[in-house]
Structure formats: C-alpha cells, structure tokens
Amino acid sequence: MTNVRIGVMYDRDWAPEGLPDFARRAEALGVDDVWVVEDLGWNGGVSAAAVALGATERIKVGIGIAPAPLRSPALLAMELATLARVFPGRLVAGIGHGVQEWMAQVGAAARSPLALLEETITSVRALLRGERVELTGREVRLDGVQLTHPPTEVPPVVAGVVRSRSLELSGRVADGTVITEGHGPRDLENARTLTAKGGAASDHALTVFAFACVGDDADEVARVLHPHIEGHGAWLGRPPHEVFTVSGPASQAAERLRALATAGADTVVLRISGPDPLRQLEAVLDAVGPRN
C-alpha cells in the first residue's frame with residue numbers, strides 16, 4: 001500500500017462534546033489525522049482543533065477550513081501559533097474563501113475573494129514564520145505586525161479551494177491544497193496540473209475529503225449517502241453518479257481510497273455517514289492494510 005495518510009472528519013452535525021472521545025478512539029485505531037470543520041452556525045474550527053489536539057497524543061489535527069473573511073489574518077495567526085506552540089508538529093491549518101452566501105449573511109463578503117485569500121494566506125504564513133509583516137493589499141492591511149511567540153515548528157497552511165483560478169492561487173501561495181468531497185481521481189490529476197501552473201513545488205500536498213459509508217448492504221449504503229451526493233453534486237454542478245465516494249464493502253472502499261492515492265492524494269480524509277462511524281473507519285483501515 002502507498003504511504004497515503006488516512007484521516008477522518010469529525011462531521012459538523014455531530015455534537016461538539018463528542019469530539020474528545022471520538023478523537024481518542026480514532027487515534028487508537030491507527031488513523032493519521034482528525035479533521036474538524038468550520039461552517040457558519042456549526043462549530044468553531046480553531047476551538048475544535050484545540051479540543052482534538054488536547055484529547056490526543058500523536059495524530060495531526062486539521063482545520064478544514066477557516067474562512068478568510070471571518071477573521072483578521074493577525075488574529076488567525078495568533079490562534080494558530082498558540083496551538084502550534086503547545087502541540088508542535090501536529091496542526092494543519094486550512095484556509096479558504098468561505099461559502100459566499102454565508103459570508104454575505106454575516107456582512108463579511110470580500111470585494112475580491114481571490115485577493116483576500118492570497119493576502120490572508122501570505123500574511124498568515126509570514127507571521128507564523130516570525131516575520132514582521134507590512135502589507136497594504138486590496139483586502140488586507142497589516143502595519144508592522146509580528147508575533148511575540150511564533151511557532152517553534154511552523155504548521156503547514158493549506159488552501160481549501162475548488163475553482164481553477166483558486167487552485168492556481170493555492171499552488172502559488174500555500175503549502176498544500178484541500179480538495180472537497182465528491183472529487184475523484186481525474187479531478188485530482190486536474191488539481192495537480194493547476195496547482196503546478198500556479199507554481200506549486202513537488203512537496204505541495206493534496207488533502208482530499210471523501211464521503212464514506214462502509215457496509216455490505218448496497219441499498220443501505222446508497223440510502224445513507226443519497227442526501228450528501230444529491231446536495232454536493234448540485235453545488236459542484238455535476239450529476240450524482242459523478243460524485244466520488246469511498247463506499248461499499250470494506251474491500252471496495254479500500255480500493256476507492258487507493259485510487260485517490262494513486263491519482264495524487266497525499267492524505268484522504270473520510271467523512272463517514274451512517275451508524276457507528278468508528279466501526280466503519282476500523283473496517284477501512286483493516287482492509288487497506290499496512291502503510292509506510
């Protein structure tokens with residue numbers, strides 16, 4: 001088996017008080033990452049990451065993703081630096097455009113989402129490196145801001161993006177790219193091409209979120225995944241049958257995970273639906289077998 005990392009998402013619909021136990025049990029199963037979600041009205045990404053990091057000892061915790069319009073880059077860098085100092089080497093910080101309708105709902109819609117994301121990622125990365133940042137951009141202004149306690153081990157800052165221009169931007173300014181649920185192997189090849197066009201180096205990591213449901217009853221798996229596939233397919237502008245999932249019997253789910261790895265995924269993060277998600281996770285890990 002390839003050396004792909006396997007992660008699991010703590011779904012936004014699950015109550016936050018369940019996160020510590022879930023993260024501990026996922027770590028005990030041998031998962032590499034736990035990813036938390038920040039969507040408007042659900043849970044805070046930075047606080048959820050702190051909870052997951054505090055509950056575990058080894059795994060990495062990813063924030064997927066912090067919407068750039070909701071926070072000053074200085075505040076976001078301060079929050080990330082605090083986590084990275086306390087839990088060195090275990091944080092992955094995802095930043096994205098945010099859902100534009102939600103950003104408008106809270107009065108935070110950017111005039112130029114592309115400029116805001118680029119300026120946010122650039123300044124956050126510089127602050128985390130301990131630099132004094134002067135920036136008068138289209139969307140971000142920082143006048144000599146510097147962190148007193150920058151991380152001793154700078155966490156990767158990755159961009160959660162979908163569209164072509166944003167993928168190029170990610171290749172230009174981020175340490176890696178988060179690919180949202182529903183994208184399959186051919187999409188990853190396209191993402192690699194676009195991030196490379198933006199200037200991504202060979203170590204630019206692709207983290208791929210994937211809808212998952214593991215079970216031998218095909219009808220039940222289809223029923224569980226149906227609302228996710230329908231809704232996300234509409235958002236992506238593709239028919240349901242083109243929404244990629246890691247699903248079916250454990251052996252089949254493992255093969256679909258391997259297909260993502262072969263196409264360029266460095267990390268696959270399972271967004272598991274249906275009963276007993278940790279049992280499903282264990283089944284996939286067993287079917288995948290040893291990893292380097």
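Computed over heavy atoms, backbone and side chain alike; hydrogens, waters and symmetry mates excluded. On a predicted model such as this, the values are computed, not experimentally measured, just so you know.
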Problem set entry | Side chain proximity check, Ile179 to Asp187, heavy atoms < 4.5 angstrom | no
Seminar exercise, completed: Residues at least two apart in sequence or cross-chain that pass side chain to side chain contact (heavy atoms under 4.5 Å, CB included) with Val133, listed by chain then number, are Ser123, Ala126, Leu127, Leu135, Leu142
Problem set entry | Greater than 12 external heavy atoms within 6.0 Å of Arg186's CZ | no
For this session: Mind running side-chain contact (heavy atoms from CB on, under 4.5 Å) on Leu270 and Val246 for me, showing each step along the way?
Result: CA-CA 8 Å; Leu270 303 177; Val246 173; 4.0 Å; yes
For this session: Would you list the pairs meeting salt bridge (charged side-chain N to carboxylate O under 4.0 Å, His left out) in which at least one residue belongs to residues 6-15, sequence neighbours left out?
Result: Asp11-Arg271, Arg12-Asp39
Exercise. Heavy-atom distance under 4.5 Å between the side chains of Leu29 and Val8, does that happen here?
Worked result: no
Problem set entry | Any pair counted as salt bridge (charged side-chain N to carboxylate O under 4.0 Å, His left out), so long as it reaches residues 17-31, sequence neighbours left out | Asp21-Arg25
For this session: Could you tell me which non-hydrogen atom of Val31 sits nearest to which non-hydrogen atom of Ala26, and how far apart they are?
Result: CG1-O, 3.1 Å
Seminar exercise, completed: Between Thr120 and Ala68 the two heavy atoms that sit nearest each other are OG1-CB, 3.9 Å
Exercise. Hey, mind stepping through Thr56 and Arg90 against side-chain hydrogen bond (donor to acceptor under 3.5 Å, both in side chains) and telling me if it holds?
Worked result: CA-CA 10 Å; Thr56 54; Arg90 295 184 53 209; 2.5 Å; yes
Problem set entry | Backbone N/O of Ser112 and side chain of Glu139: donor-acceptor pair under 3.5 Å | yes
Exercise. If you measure from CG on Asp276 to CD on Gln280, what distance do you get to the nearest 0.5 Å?
Worked result: 7.5 Å
Exercise. Are Ser247 and Val214 side-chain neighbours, meaning at least one heavy-atom pair lies under 4.5 Å?
Worked result: no
Exercise. Looking at Asp266 and Arg192, does any basic side-chain N land under 4.0 Å from a carboxylate oxygen?
Worked result: yes
Exercise. Between Glu282 and Leu278, does a side-chain contact (heavy atoms from CB on, under 4.5 Å) hold up when you go through it step by step?
Worked result: CA-CA 6 Å; Glu282 183 176 19; Leu278 287 167; over 6 Å; no
Problem set entry | Inter-residue atom distance Asp175.CG - Asp203.CG, 0.5 Å rounding | 8.0 Å
For this session: Apply side-chain contact (heavy atoms from CB on, under 4.5 Å) to Leu260 and Leu188, showing your working.
Result: CA-CA 8 Å; Leu260 292 174; Leu188 300 195; 4.0 Å; yes
Problem set entry | Arg5 vs Lys60, side-chain contact (heavy atoms from CB on, under 4.5 Å): CA-CA, chis, key distance, verdict | CA-CA 10 Å; Arg5 297 178 64 85; Lys60 289 192 174 183; 3.8 Å; yes
Problem set entry | Heavy-atom closest pair, residues His204 and Thr177 | NE2-OG1, 2.7 Å
Exercise. From His183 NE2 over to Glu189 CD, what is the distance, rounded to the nearest 0.5 angstrom?
Worked result: 13.5 Å
Exercise. Rounded to the nearest 0.5 Å, how far apart are CD1 of Ile65 and OG1 of Thr207?
Worked result: 12.0 Å
Problem set entry | Connected hydrophobic set around Val221, excluding itself, where side chains approach under 4.5 Å | Phe211, Leu225, Ile229, Val243
Problem set entry | Closest heavy-atom pair and its distance - Thr152, Pro88 | OG1-CB, 4.4 Å
Problem set entry | Counterpart residues, salt bridge (Lys or Arg N to Asp or Glu O under 4.0 Å), relative to Glu168 (two or more places apart) | Lys197
Problem set entry | Any side-chain heavy-atom pair of Ile63 and Leu80 under 4.5 Å | yes
Seminar exercise, completed: Students should find that the hydrophobic cluster of Val92, defined by side-chain heavy atoms under 4.5 Å apart, otherwise consists of Met9, Trp35, Val37, Val158, Val178, Phe209, Val269
For this session: Taking only Lys NZ, Arg NE, NH1 and NH2, and the carboxylate oxygens of Asp or Glu, determine whether Arg138 and Glu119 approach each other closer than 4.0 Å.
Result: no
Problem set entry | side-chain contact (heavy atoms from CB on, under 4.5 Å) partner of Asp32, chosen from Ile6, Val268, Ile59 | Ile6
Exercise. Between OG1 of Thr82 and CZ of Phe87, what distance do you get to the nearest 0.5 Å?
Worked result: 11.0 Å
Exercise. Between Tyr10 and Phe22, what is the ring plane arrangement, given parallel below 30°, perpendicular above 60°, and tilted in between?
Worked result: perpendicular
Problem set entry | Close side-chain approach of Val36 to Asn43, heavy-atom, < 4.5 Å | no
Problem set entry | Interatomic spacing from NE2 in His226 to SG in Cys213 - rounded to 0.5 Å | 14.0 Å
For this session: Please list, chain by chain and in numerical order, all residues satisfying salt bridge (Lys or Arg N to Asp or Glu O under 4.0 Å) with Glu242, sequence neighbours excluded.
Result: none
For this session: For Glu181 and Phe244, indicate whether the former's side chain and the latter's backbone hold a donor-acceptor pair under 3.5 Å.
Result: no
For this session: Over all heavy atoms of both residues, which pair between Gly274 and Val224 is shortest? Give the atoms and the distance, please.
Result: N-CG1, 3.6 Å
Name each donor-acceptor pair under 3.5 Å that joins a side chain in residues 94-101 to protein atoms two or more places apart or in another chain, with its distance.
unit_1: His97; atom_1: ND1; unit_2: Pro113; atom_2: O; d: 3.3
unit_1: His97; atom_1: NE2; unit_2: Ser166; atom_2: OG; d: 2.8
unit_1: Gln100; atom_1: NE2; unit_2: Gly98; atom_2: O; d: 3.1

Donor-acceptor contacts, no H, no angles, side chain residues 44-55, under 3.5 Å, sequence neighbours left out:
unit_1: Ser47; atom_1: OG; unit_2: Gly44; atom_2: O; d: 3.1

Problem set entry | Results of side chain to side chain contact (heavy atoms under 4.5 Å, CB included) for Arg141 - residues two or more places apart only | Asp143
For this session: Sequence neighbours left out, what pairs pass side-chain hydrogen bond (donor to acceptor under 3.5 Å, both in side chains) with at least one residue falling in residues 214-224?
Result: Glu220-Arg223
Problem set entry | Nearest heavy-atom neighbours spanning Arg258 and Val288 | NH2-O, 3.3 Å
For this session: Could you tell me whether the side chain of Leu169 reaches within less than 4.5 Å of the side chain of Leu114, counting heavy atoms only?
Result: yes
For this session: If a pair satisfies salt bridge (charged side-chain N to carboxylate O under 4.0 Å, His left out) and one of its residues is in residues 68-89, list it, with sequence neighbours excluded.
Result: Glu38-Arg71
For this session: Decide yes or no for Arg132 and Val145: does some side-chain heavy atom of the first lie under 4.5 Å from some side-chain heavy atom of the second?
Result: no
Exercise. Taking C-beta and beyond as the side chain, do Pro67 and Trp102 meet within less than 4.5 Å on heavy atoms?
Worked result: no
